[in-house]
Number of protein chains: 2
Amino acid sequence: MKNLITHIKKYVTITDDEANKLTEIIEVKNLKRKAYLTRAGDICKYNYFVSQGCLRMYFIRENGTEQITQIAIENWWLADYMALLKQQETPFFIQAVEKSTILALDVNAAENLFKQIPQLERYYRIMFQFSYAASQFRIKYLYDYSREELYHHFATQFPEFVQRVPQYMLASYLGFTPEYLSEIRKKK
Amino acid sequence: MKNLITHIKKYVTITDDEANKLTEIIEVKNLKRKAYLTRAGDICKYNYFVSQGCLRMYFIRENGTEQITQIAIENWWLADYMALLKQQETPFFIQAVEKSTILALDVNAAENLFKQIPQLERYYRIMFQFSYAASQFRIKYLYDYSREELYHHFATQFPEFVQRVPQYMLASYLGFTPEYLSEIRKKK
DNA sequence: CGGATCGTTGATCAACTTCAACGGTCGTGG
DNA sequence: CCACGACCGTTGAAGTTGATCAACGATCCG
């Protein structure tokens, strides 16, 4: 919980009283490795903050294979925002990659808090703006580079990820097969 | 300008006075076909709203070909948000696909307005949340479908785009060559 | 210690690109 | 308002990139 308040205070100024109001509507979840927060078909109501540990978000393709679309470590928010917005069934699974402590924020409760605490809404405006910017950047990468280049860029830009997640997850996140990742690593 | 105020009022309630304050810091740009709002290497300060017309955002790859990453029609915001955030040179060009009327919002001036008008910050929180959700969805599509399937999904979901932009732009946006698009269309 | 999971290897195959060439049409200058 | 040049869509052949499948060895964890 401390982690979240510290993170918020990096971007906006909130009083202790306001922080407490937020804390009241947040649920702490201690997950062991491979535990699920969300499964495909669920109706979602939470936005998840990684306080400690690592989450992955993935869906299952028609042919039965997993496709990871996002990986989140400490101080990242993760959710299927389309499913939250439209209150539709999510196609995604959200699972702990390792033992994790997750903060679950009920988005409806949060909407109410925004009316009382504009600074909190400001924090989320900044978070979403940043997330969208990162997403635009990622889409550019996906279009710009070959799979092999994607791996090299990612491995040099985010070495902490490469060490933390198994190779097959990395391959899935980057959009190719574990076999091909093997081949890339052999080349170099 | 009317279009923007109408759009904002769909999501939040603002007074006429607040709307006027916003209007004061917005610049209206009338662009002819192929005119540029931004070129690669520019330092950006504006967030663009398409009041009338159509914009495309693209970058140039090492081999000299264009890669379109975004297309925006009426009531969409468009900018390189990473470049805005970090005040770095953008790698993107933003160009009018057809004769367009664009509203340019100075993001620094907007940040100041947010302090006076929390409802405006709320509007942007909702916009960015929605944009990010759409972006997550798009990334899922990119991973889930073959190029051919991408085209069919896109053509049925957004027929208005297919009619408005030339085929080679559509091919570029979807991540493949005009030649291959030709082949797909021939098949069906 | 034993079973499941993970990374690797090699052969074959499908999706999509590249290149070159051609015909149609669109819009711009005279 | 017409003619011409530039741009756009199409075709087909050859070439790449990365997927699929099957099999094997290593390692991790209970």
Side-chain angles (χ1 to χ4, degrees), chain A residues 31-36 54 56 58-68 71 93 95-100 141-155 161-188, chain B residues 31-36 53-54 56 58 60-68 71 93 95-100 141-155 161-188:
Chain A
L31 302 182
K32 40 184 166 179
R33 193 166 164 269
K34 303 211 173 182
Y36 284 95
C54 182
R56 69 176 180 134
Y58 67 92
F59 66 92
I60 307 283
R61 303 183 197 222
E62 283 180 26
N63 67 17
T65 57
E66 293 177 1
Q67 175 60 55
I68 298 175
I71 298 178
F93 295 80
Q95 188 192 36
V97 172
E98 49 188 69
K99 191 161 164 286
S100 303
Y141 260 57
L142 285 175
Y143 281 133
D144 204 9
Y145 297 118
S146 70
R147 303 292 156 104
E148 184 172 349
E149 289 170 323
L150 275 180
Y151 171 71
H152 289 309
H153 277 271
F154 191 83
F161 272 95
V162 181
Q163 298 194 331
R164 261 172 102 163
V165 306
Q167 277 190 37
Y168 78 94
M169 283 193 194
L170 200 60
S172 175
Y173 175 73
L174 293 174
F176 48 81
T177 60
E179 290 94 329
Y180 189 59
L181 179 52
S182 244
E183 203 169 306
I184 293 171
R185 289 164 56 90
K186 187 174 55 173
K187 269 192 209 171
K188 194 172 175 184
Chain B
L31 302 182
K32 39 185 165 177
R33 191 163 165 270
K34 304 212 172 179
Y36 285 95
C54 182
R56 69 177 181 135
Y58 68 92
I60 307 283
R61 303 184 197 220
E62 282 180 26
N63 66 18
T65 58
E66 292 177 0
Q67 175 60 56
I68 296 175
I71 298 177
F93 295 79
Q95 187 192 37
V97 173
E98 49 189 69
K99 192 160 164 285
S100 303
Y141 260 56
L142 285 175
Y143 281 132
D144 204 8
Y145 297 117
S146 69
R147 305 291 158 102
E148 184 171 349
E149 288 170 324
L150 276 180
Y151 170 71
H152 289 310
H153 278 272
F154 192 83
F161 271 96
V162 180
Q163 298 194 329
R164 262 173 100 165
V165 305
Q167 276 190 39
Y168 78 96
M169 285 194 193
L170 201 60
S172 174
Y173 175 74
L174 293 173
F176 48 81
T177 59
E179 291 95 327
Y180 190 60
L181 180 51
S182 244
E183 204 168 307
I184 293 171
R185 288 164 57 91
K186 187 174 54 172
K187 271 192 208 171
K188 194 169 178 189

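A note on names: the letters A, B, ... follow the listed sequences, proteins ahead of strands, and every chain is numbered from 1.
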[atom2] on [Y] to [atom1] on [X], rounded to 0.5 Å:
X	Y	atom1	atom2	answer
Leu174(B)	Met169(B)	CG	CE	13.5 Å
Leu170(A)	Phe161(A)	CG	CZ	9.5 Å
Arg33(A)	Gln95(A)	CZ	CD	9.0 Å

Next on the checklist: Donor-acceptor check, side chain of Gln67(B) to backbone of Ser172(B), threshold 3.5 angstrom: yes or no?
Outcome noted: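 Here the side-chain-to-backbone pair exists.
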
Checklist entry - Side chain of Arg147(B), backbone of Gly175(B): donor and acceptor closer than 3.5 Å? => result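 Judged by distance alone, yes, a pair lies under 3.5 Å.
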
Round to the nearest Å and state the distance from [X] atom [atom1] to [N] atom [atom2].
X	N	atom1	atom2	value
Glu98(A)	dC28(D)	CD	P	16 Å
Arg147(A)	dA15(C)	CZ	P	15 Å
Leu142(B)	dA15(C)	CG	P	18 Å

Checklist entry - Does atom CZ of Arg61(B) have more than 12 heavy-atom neighbours, drawn from other residues, nucleotides or ligands, at distances under 6.0 Å? => result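 Yes, because the 6.0 Å sphere around CZ of Arg61(B) holds more than 12 heavy atoms from other groups.
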
Checklist entry - Think Thr177(B) has a side-chain N or O under 4.0 angstrom from the OP1 or OP2 of dT17(C)? => result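 Yes, such a contact exists.
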
Item to check | CA sep, side-chain torsions, deciding dist, call: Tyr143(B), Ile68(A), side chain to side chain contact (heavy atoms under 4.5 Å, CB included) | outcome: CA-CA 9 Å; Tyr143(B) 281 132; Ile68(A) 298 175; over 6 Å; no

Could you run down the sub-3.5 Å N/O contacts of the protein with nucleotides 7-11 of chain C?
from: dG7(C); atom 1: OP1; to: Gln167(A); atom 2: N; distance (Å): 2.8
from: dG7(C); atom 1: OP2; to: Tyr168(A); atom 2: N; distance (Å): 3.1
from: dT8(C); atom 1: OP2; to: Gln167(A); atom 2: OE1; distance (Å): 3.2
from: dT8(C); atom 1: OP2; to: Ser182(A); atom 2: OG; distance (Å): 2.7
from: dT8(C); atom 1: O5'; to: Ser182(A); atom 2: OG; distance (Å): 3.0

Next on the checklist: Between Val97(A) and Arg164(A), does the side chain to side chain contact (heavy atoms under 4.5 Å, CB included) criterion hold? Intermediate values first, please.
Outcome noted: CA-CA 9 Å; Val97(A) 172; Arg164(A) 261 172 102 163; over 6 Å; no

What are the atom names and distances for every N/O pair under 3.5 Å that joins the protein to nucleotides 3-6 of chain D?
none

Checklist entry - Is the ring centre of Phe154(B) less than 6.0 Å from the ring centre of Tyr173(B)? => result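 Yes.
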
Checklist entry - Which parts of nucleotides 22-30 of chain C does protein reach within less than 4.0 Å, heavy atoms only, written one letter per nucleotide 5' to 3' as B for base, S for sugar-phosphate only and - for none? => result ------S--

